[in-house]
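Each remark here refers to the structure printed beneath this line.
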Amino acid sequence: MKLYEKYPIHLSNSLSGEKEKFETIVPGFVGMYVCGPTVYNYVHLGNVRTFLTFDILSRYFRFLGYKVRYVRNITDVGHLEGDVDEGEDKIGKKAQLEQLEPMEIVKRYTEDFHTVTRQFNILPPSIEPSATGHIVEQINITKKLIDLGLAYEVNGSVYFDVKKYNQSHHYGILSGRNIEDLMESGRDLDSQDEKREKIDFALWKKASPQHIMRWPSPWGEGFPGWHIECTVMSTKYLGETFDLHGGGMDLKFPHHECEIAQATGANGKSPVKYWIHSNMLTVNGQKMSKSSGNSFLPSELFSGSHALLQKGYSPMTVRFFMLQSHYSSTLDFSNEALIAAEKGYKKLSNALTLVKALSHSGNSTINTEAEKNLSDLIDQCYQTMSDDFNTAKTLAVLFEMASQINTWVSQKELLNEVNAEGFKKFKATYISFMEEALGLKEEKSVNNNLLDGTINVLIELRKKVRMDKNFALSDKIRDDLKGIGIQLKDGKDGEMSYEIEQ
RNA sequence: GGUCUCGUGGCCGAGUGGCUAGGCAGAGCUCUGCAAAAGCUCCUACAGCGGUUCGAAUCCGCUCGAGACCUCCA
């Protein structure tokens, strides 16, 4: 029996608004697509939350034995700024501002994105396609939609006919929006003459003479619209219907709604079985975003060099902080919360180091209650993660396990109350849930043999001094090390360990 | 204005009809030469009002408050 059969996943589907049992289209295989970044600027912490959410999903799918194809795109063209008709392409605009080739912009910020994901231990997707690499496919699907009567061309631009689509399908199925409301409300903009209705959206835009990024098409030189790239790249690599589509809550409308319309219109079937939206990171209750000026960069977070930050925080602290809340809730950023997370994470990380070094003697006088307790904790790890990826609850279980580990370390004899096999399973579960399922690594504050050796010399020296009951000198060594950020910890049996503080 | 989400103890945050969330902070105790770490114990809340129910933080209604989306945003 596969783990995913033993612990079936239930997840909240934005499409139905309900928590549903997760059943893949092809047994044992998960196809998932996540809207990646538009690489026109550095990614900020809010962006990170989304990619972390889907990192957890893909990790846990694999953890349970699914084979996963995870596609996450890079938007390097077509994402417009402002109104669609006069909007400028974000990449092109940035290129003009910085006096760079568009591909230089793309390269720079793609690299930054990859660096950041690596720092947060966010694993790379299976495929990372880019919009500019799929121009042909985008033109093809646009042609197809015109042929089907669901799109129309005006002055070298092509728009999706939402009203027409809505006659046979339901535009607004994902976001719960009503097409009449959409046509009436919203702003009246002078330059929307081209479109038949203001809710129509661009599949292809004619390039103005000064526009840098342009490709030939049946409608003249231009560039693709934003929504079409995701439709093309998701269905190309995952099929016309695939299991799961993710993205930030703010993409639900219009981006994902448009994706559904395009794909359903072109292929005659709904493209995605489960839609998952991760919620926003807020600062003082306001959504973190570049435009509101309350965003900060991961590098500022690590160094603490931002007005909103009291100090720097490590990537794993932040990862832990984010996992303490459910992905579907907004999460408010604050220094207090980060400091609390830093300490909490340290506890789990210490237990991870300790349990790795812990081994069972082989002898045991079984205490059935203790054994049951262990297997229950193991079971709860899976249950909580399978329940809509409830990382907050899983962490609570891991904290219980950490306490158990600490107890064993200080009272070795209690380890004999459980059998060696049970302990082995417990140990493996703690380590694998921490490192694989949740991606929480030990933060090795020292990876420097020279420093490690030096501290160990001091530790040996202090041991000797302590045995001679020269506590004044013993305390001086400890205090002086503490002064430069090295905390010594005296064990019961005279052993000493140390920890580097940030 | 429309669509939707949320309001949990000093703080952060799970939970969704009866059963301890958890972390951080705070108080006490144990261990320890003293610290640190660790363990144990305490602090037990669900915006307000009304309703459904044997029973509601959890369901329904209203009020108040906060936020998101409707325009680029993860």
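Every chain is numbered from 1 and lettered A, B, ... according to where its sequence line falls, protein lines coming before strand lines.
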- Answer with base, sugar-phosphate or nothing: what part of the nucleic acid does A:Ser278 contact at a heavy-atom distance below 4.0 Å? nothing
- Query: Looking at B:rA74, does its base get a donor-acceptor pair with the side chain of A:Arg49 below 3.5 Å?
  - Reply: no
- Task: Can you label the angle between the A:Tyr382 ring and the A:Tyr7 ring as parallel, tilted or perpendicular, going by 30° and 60°?
- Result: parallel
- Query: Out of A:Arg466, A:Lys489, A:Arg478, which one pairs with A:Met496 under the side chain to side chain contact (heavy atoms under 4.5 Å, CB included) rule?
  - Reply: A:Arg466
- Message: When the P atoms of B:rU8 and B:rG48 are compared, how many Å lie between them, rounded to an integer?
- Response: 10 Å
- Look at all strands and tell whether A:Ala392 reaches a base, only sugar-phosphate, or nothing, counting heavy atoms closer than 4.0 Å. base
- Query: Nearest to the side chain of A:Lys393, which nucleotide is it out of B:rA14, B:rG22, B:rC69?
  - Reply: B:rA14
- Just checking A:Ser329: base, sugar-phosphate only, or nothing, at a heavy-atom cut-off of under 4.0 Å? sugar-phosphate
- Task: Ignoring hydrogens and angles, state whether a donor on the side chain of A:Thr38 or A:Tyr109 is under 3.5 Å from an acceptor on the partner side chain.
- Result: no
- Note on the structure: The Watson-Crick or G-U wobble partner of B:rC4, with both key distances under 3.5 Å, is B:rG67
- Classify the nucleic acid contact of A:Leu251 as base, sugar-phosphate or nothing, counting any heavy atom under 4.0 Å across all strands shown. sugar-phosphate
- Determine the Euclidean distance between corresponding P atoms of B:rA74 and B:rU3; express it in Å to zero decimal places. 27 Å
- Message: Taking the ring centre of each residue, are A:Tyr313 and A:Phe321 less than 6.0 Å apart?
- Response: no
- Task: Indicate, with a heavy-atom threshold strictly under 4.0 Å, whether A:Leu488 touches base, sugar-phosphate, or nothing.
- Result: base
- Item | Whole-Å C1' distance, B:rU53 and B:rC29 | 44 Å
- Look at A:Arg462 together with A:Asp490 and state whether they make a salt bridge at an N to O cut-off of under 4.0 Å. yes
- Task: Could you work out the separation of B:rC24 and B:rG39 based on their P atoms and round it to a whole Å?
- Result: 9 Å
- For nucleotides B:rU44 and B:rG15, find the distance between their C1' atoms and express it as a whole number of Å. 15 Å
- Item | P-based separation of B:rU30 from B:rG10 [nearest Å] | 29 Å
- Between A:Ala341 and A:Ser175, just flag the one whose closest nucleotide in RNA chain B comes earlier from the 5' side. A:Ser175
- Query: Taking atom types as they are modelled, is there a donor-acceptor pair under 3.5 Å from the base of B:rC4 to the side chain of A:Arg177?
  - Reply: no
- Message: When the P atoms of B:rA38 and B:rG23 are compared, how many Å lie between them, rounded to an integer?
- Response: 11 Å
- Query: With a 3.5 Å cut-off and just heavy-atom distances, do the side chain of A:Asp490 and the base of B:rC34 make a donor-acceptor pair?
  - Reply: yes
- Ring-on-base stacking B:rG33 with A:Phe471 (under 5.5 Å, under 30°): yes
- Select base, sugar-phosphate, or nothing to describe what A:Asn178 touches, counting heavy atoms under 4.0 Å on all strands. nothing
- Mind checking A:Ser403 for me? I need base, sugar-phosphate or nothing, with any heavy atom below 4.0 Å counting as a touch. sugar-phosphate
- Residue mapping more 5' on RNA chain B - nearest nucleotide basis, A:Ala340 or A:Ser334: A:Ser334
- Message: Taking only the P atom of each, what is the distance from B:rG50 to B:rC40 in whole angstrom?
- Response: 42 Å
- Message: Given B:rG13, B:rA74, B:rA21, identify the nucleotide with an atom nearest to the side chain of A:Lys287.
- Response: B:rA74
- Note on the structure: If pairing means Watson-Crick or G-U wobble with both distances under 3.5 Å, then the partner of B:rA14 is none
